[in-house]
Protein chains: 2
Amino acid sequence: MPDASPATYGLLGMLAARPMTGYELTQQVRRSLRFVWPVSEGHLYREQKKLVTLGWATVKTEPAGRRTRQRYAITRSGRAALRAWLASEPEEPHLQIEGVLRAFYADSSGPEALAASMRSTASSAGAMLAELHGFVDEYLAEGGPLDMLEDRTKARTFAGREMHPERLHSVALALDVTTQLLEVVEEFFTRTAAEVDNWPSTTDAELTPSTRARLEQNQSRRPS
Amino acid sequence: MPDASPATYGLLGMLAARPMTGYELTQQVRRSLRFVWPVSEGHLYREQKKLVTLGWATVKTEPAGRRTRQRYAITRSGRAALRAWLASEPEEPHLQIEGVLRAFYADSSGPEALAASMRSTASSAGAMLAELHGFVDEYLAEGGPLDMLEDRTKARTFAGREMHPERLHSVALALDVTTQLLEVVEEFFTRTAAEVDNWPSTTDAELTPSTRARLEQNQSRRPS
DNA sequence: GCAATCTACTCGCAATGCGAGTAAAACTCC
DNA sequence: GGAGTTTTACTCGCATTGCGAGTAGATTGC
């Protein structure tokens, strides 16, 4: 019996909202889940098959023109597995930000390289934030899922897509933390890149006061 | 020729400070690099060997009692490779926080499970923060690396460990962002867990105003 | 003196990433 | 209307990485 990983539950959770084809599943992951739990595309298709062997989903091959596609649907035991996972202990947070790794070793190169990598990271974070802002705007838009919840509209589709307003409370939570985290990344690297531009070197003694200030501010932010 | 990954450079960067044995390298990763770029232990030893085949480090087998250990040292071309990497474009940030994934699918379970997983994530973040606070305290301590930079002491060891005060400016940068990010995680999940305790369900219509507020606040935080 | 922990790793399998490849359908532009 | 591009809808295989078990000498605490 293969093991379930967070990625497995990521797909299972998507299916909990509605049945989907394999391709739709990968699109959904690319669209939104990516920010929360990145998984490579090839692996997504493997995981879909795993869901079936675990008995958590069923597949039906349906025609699509001259070709076929696989439609997955969650099973009762799939829902139970999802609930069980949601009730279990999550693992430690895992942050992988190459820009931070480069900052950590910045003393092995110069301020130019450091500032460049910081700006690059800031702009990656900015691009991701822009996508997330798109979601927020959509959720708040007239006729959007929030309006549906407030009963101002009976429609269940918006911008040509089927909406799941009952998921909005959960989705908004994930959206909120992710936004906050990326804001920290963008702001820190933007601000610090500008600072680094004035550094004579990455190891200069002249930087000592600013490093002291950084550390002391860090310490003072600490709640007792 | 095997490929270098950020993990490869993570080890190479450690060696840039001083020669180290394989075991010391894994300890350093466990101690500090883990927060910035997590790598499994088994893989660390593989990467050490890769550094040698790439010509970026040398190994010497040295005796340790009746046994031996491998001491790695960076080469000139290793330093060059590190500098070249530091001057290249970093990849996109990658956040993997299971607690966020669970929040995203919280509508498939109840408020109890959600609050529990949130508290668990908050306490993981808290534990990580406590370790980072230890570093800050150490750096600021009397006789610590900051004192060394300010020339108040000539020593180069502190708490029995060799210090690298010239790295402090870079290290403090990485420490600072990481702290800020984990603070966001801890605070968000602590605060929101308390809020979720009062939720009647994860899909209740009653939550609509609070979800609207969350989204609108998110939107208003956005800089123009 | 002996049990537990630390040093110092190796090994193998399973999980995952990554990029290429396939091929039909749909859409776009002149 | 036909040619070229993009989208749909995936499969495949190798390389990378994670994870847990295993080994065995050294050291420390009681």
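Atoms considered below: every heavy atom in the structure, side chains included; atoms not considered: hydrogens, waters and symmetry mates.
In this entry the distance linking OH of B:Y72 with P of C:dA8 reads 13 Å, nearest Å. In this entry the distance linking CD of A:E92 with C1' of D:dC19 reads 16 Å, nearest Å. The distance between atom CZ of B:R71 and atom P of C:dC9, rounded to the nearest whole Å, is 10 Å. Between B:R30 atom CZ and C:dC6 atom C1' there is a gap of 10 Å when expressed in whole angstrom units. Computed from coordinates, the A:W37 CH2 to C:dG17 P distance equals 10 Å when rounded to whole Å. Between B:L44 atom CG and C:dC9 atom P the separation is 12 Å, expressed in whole Å. Between the P atom of C:dT16 and the OH atom of A:Y9 lies a distance of 12 Å, rounded to the nearest Å. Here the C1' atom of nucleotide C:dA15 and the CG atom of A:L11 are 15 Å apart, to the nearest Å.
If you check every strand for non-hydrogen atoms under 4.0 Å, A:T26 touches nothing.
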Please list each protein N or O that sits under 3.5 Å from an N or O in nucleotides 10-14 of chain D, with the distance.
{"unit_1": "D:dC10", "atom_1": "OP1", "unit_2": "A:Q70", "atom_2": "N", "d": "2.9"}
{"unit_1": "D:dC10", "atom_1": "OP2", "unit_2": "A:Y23", "atom_2": "N", "d": "3.3"}
{"unit_1": "D:dC10", "atom_1": "N4", "unit_2": "A:E41", "atom_2": "OE2", "d": "3.3"}

Atom pairs, N/O to N/O, protein against nucleotides 24-28 of chain C, distance under 3.5 Å?
{"unit_1": "C:dA25", "atom_1": "OP1", "unit_2": "A:R66", "atom_2": "N", "d": "2.6"}

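Between A:E131 and A:R31 there is no salt bridge, since none of the side-chain N atoms of the basic residue sits less than 4.0 Å from a carboxylate O of the acidic one.
Using modelled atom types, no side-chain atom of A:S123 and backbone atom of A:G126 make a donor-acceptor pair closer than 3.5 Å. A side-chain donor-acceptor contact under 3.5 Å links B:R167 to the backbone of A:F104.
Around CZ of A:R30, the count of heavy atoms belonging to other residues, nucleotides or ligands within 6.0 Å does not exceed 12.
Residues in residues 86-99 of chain A take part in these salt bridge (Lys or Arg N to Asp or Glu O under 4.0 Å) pairs, two or more places apart or across chains: A:E98-A:R102. For residues 4-57 of chain A, every residue pair satisfying the ring pair (Phe, Tyr, Trp, His ring centres under 6.0 Å) rule, not counting sequence neighbours, is listed here: A:Y9-A:W56, A:Y9-A:W85.
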Taking only distance into account, with no hydrogens and no angle test, what donor-acceptor pairs under 3.5 Å do side-chain atoms of residues 184-191 of chain A form with protein atoms, sequence neighbours excluded?
{"unit_1": "A:T190", "atom_1": "OG1", "unit_2": "A:E186", "atom_2": "O", "d": "2.6"}

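The nearest pair of heavy atoms linking B:A7 to B:V39 is CB-CG2, 3.7 Å.
In this structure, the salt bridge (charged side-chain N to carboxylate O under 4.0 Å, His left out) partners of B:R161, at least two apart in sequence or on a different chain, are B:E138.
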